Amino acid sequence: MAGLDYERWKALDELDAGLCDARSYEEIQQKHPQEFARRDQDKYNYRYPMGESYKDVVQRLEPVIMELERQHNVLVICHQAVMRCILAYFLDKPYHELPYLKCPLHTVIQLTPQAYGCKIHHHAFGIDAADTHRAKPEVVDLDRSSLDALSTLPPPN
C-alpha cells in the first residue's frame, strides 16, 4: 500500500471459533448439535470450545474502538464478527442484537457521525457473494431437530 499510512492490528482478527473453526453450520450441527444449540440460545455470550465469544471480541476491540474515536476518515478492513462489534458500538445497538447485525460481504459500510449517533451507508462492490447472514432460530432447545437448528441458514448460492 505505497503512499498510504496504515496499521495492522491483531485485535481485528476474526472471532476464534476454536474446535469449530473452518466448519460450516451444517457440520457443526452434525458433529456438535448441543454446542450449536447453546450458541443459538445466547450467541453474544456463547464461547466456542477452545475459542471466543462475541463478548470476548468486544473486550478485545475496546482499545481499537477508543483509537477509532480519536481519528477522522478511517477505513477499517475486517471480518464480519469484528465488523458487527464495531457497528454495534457506533450505532449504539444493544448487546443481544450485535451477533445478528447484517454485514454483507464485499461492501464498504460508511458511518458518518451526526447528532445522537451515526448515519450508515452501504457501498457494495457489485461482486457476487454468498449471503452469510443467519437470523436467530425460533427453536433453540438442546434436543431440537436438525431441521429446526438449520432453519435460518441463508439459501445456497
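Note that this is a predicted model, so its numbers are computed, not measured.
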Does the side chain of [Y] come within less than 4.5 Å of [X]'s, by heavy atoms?
X      : Y      : value
Ile120 : Gln110 : no
Lys136 : Lys43  : no
Leu15  : Val82  : no
Glu62  : Ile65  : no

Using 0.5 Å steps for rounding, measure from the [atom1] atom of [X] to the [atom2] atom of [Y].
X     : Y     : atom1 : atom2 : value
Arg38 : Asn45 : CZ    : CG    : 14.5 Å
Leu61 : Met83 : CG    : CE    : 12.0 Å
His32 : Cys20 : NE2   : SG    : 5.0 Å

For residues 100-109, dump all side-chain donor-acceptor pairs below 3.5 Å to protein atoms at least two apart in sequence or in another chain.
unit_1 : atom_1 : unit_2 : atom_2 : d
Thr107 : OG1    : Leu105 : O      : 3.0

same_hphob_cluster([X], [Y]) at 4.5 Å side-chain heavy-atom cutoff:
X     : Y      : result
Ile77 : Leu68  : no
Tyr6  : Val74  : no
Tyr46 : Leu142 : no

Taking only residues two or more places apart in sequence, or in another chain, which ones meet [X] in a side chain to side chain donor-acceptor pair (under 3.5 Å)?
X     : answer
Tyr48 : Arg39
Glu26 : Ser24
Asp56 : Arg47, Ser53
Asp16 : none

Considering non-hydrogen atoms only, spot the tightest contact between [X] and [Y] and give its length.
X     : Y     : value
Val57 : Glu52 : CG2-OE1, 3.9 Å
Glu27 : Ala22 : OE1-O, 4.1 Å
Glu14 : Gln80 : OE2-N, 3.9 Å

Tell me every residue that passes salt bridge (Lys or Arg N to Asp or Glu O under 4.0 Å) with [X], counting only those two or more places apart in sequence or in another chain.
X      : answer
Glu67  : Arg70
Lys119 : none
Arg23  : none

task = Output yes when a side-chain donor or acceptor of Asp141 lies under 3.5 Å from a complementary backbone atom of Asp143, and no otherwise.
result = no
key: Other residues, nucleotides, ligands: >12 heavy atoms within 6.0 Å of Gln114 CD   = yes
Tabulate below the donor-acceptor pairs under 3.5 Å that side-chain atoms of residues 85-98 make, not counting sequence neighbours, or state none.
unit_1 : atom_1 : unit_2 : atom_2 : d
Tyr89  : OH     : Glu69  : OE1    : 3.3
Tyr89  : OH     : Glu69  : OE2    : 2.9

task = Starting from the C-alpha separation in whole Å, work towards a yes-or-no answer on side chain to side chain contact (heavy atoms under 4.5 Å, CB included) for Asp13 and Arg60.
result = CA-CA 10 Å; Asp13 284 356; Arg60 173 166 39 104; 3.9 Å; yes
query = Which hydrophobic side chains are connected to Ile28, either touching it within the sub-4.5 Å cutoff or through other members that do?
reply = Tyr25, Phe36, Leu150, Leu153
note = Students should find that the hydrophobic cluster of Val139, defined by side-chain heavy atoms under 4.5 Å apart, otherwise consists of none
inquiry  = According to side chain to side chain contact (heavy atoms under 4.5 Å, CB included), who are the partners of Pro137, at least two apart in sequence or on a separate chain?
reply    = Asp40, Arg134, Arg144, Ser151, Thr152
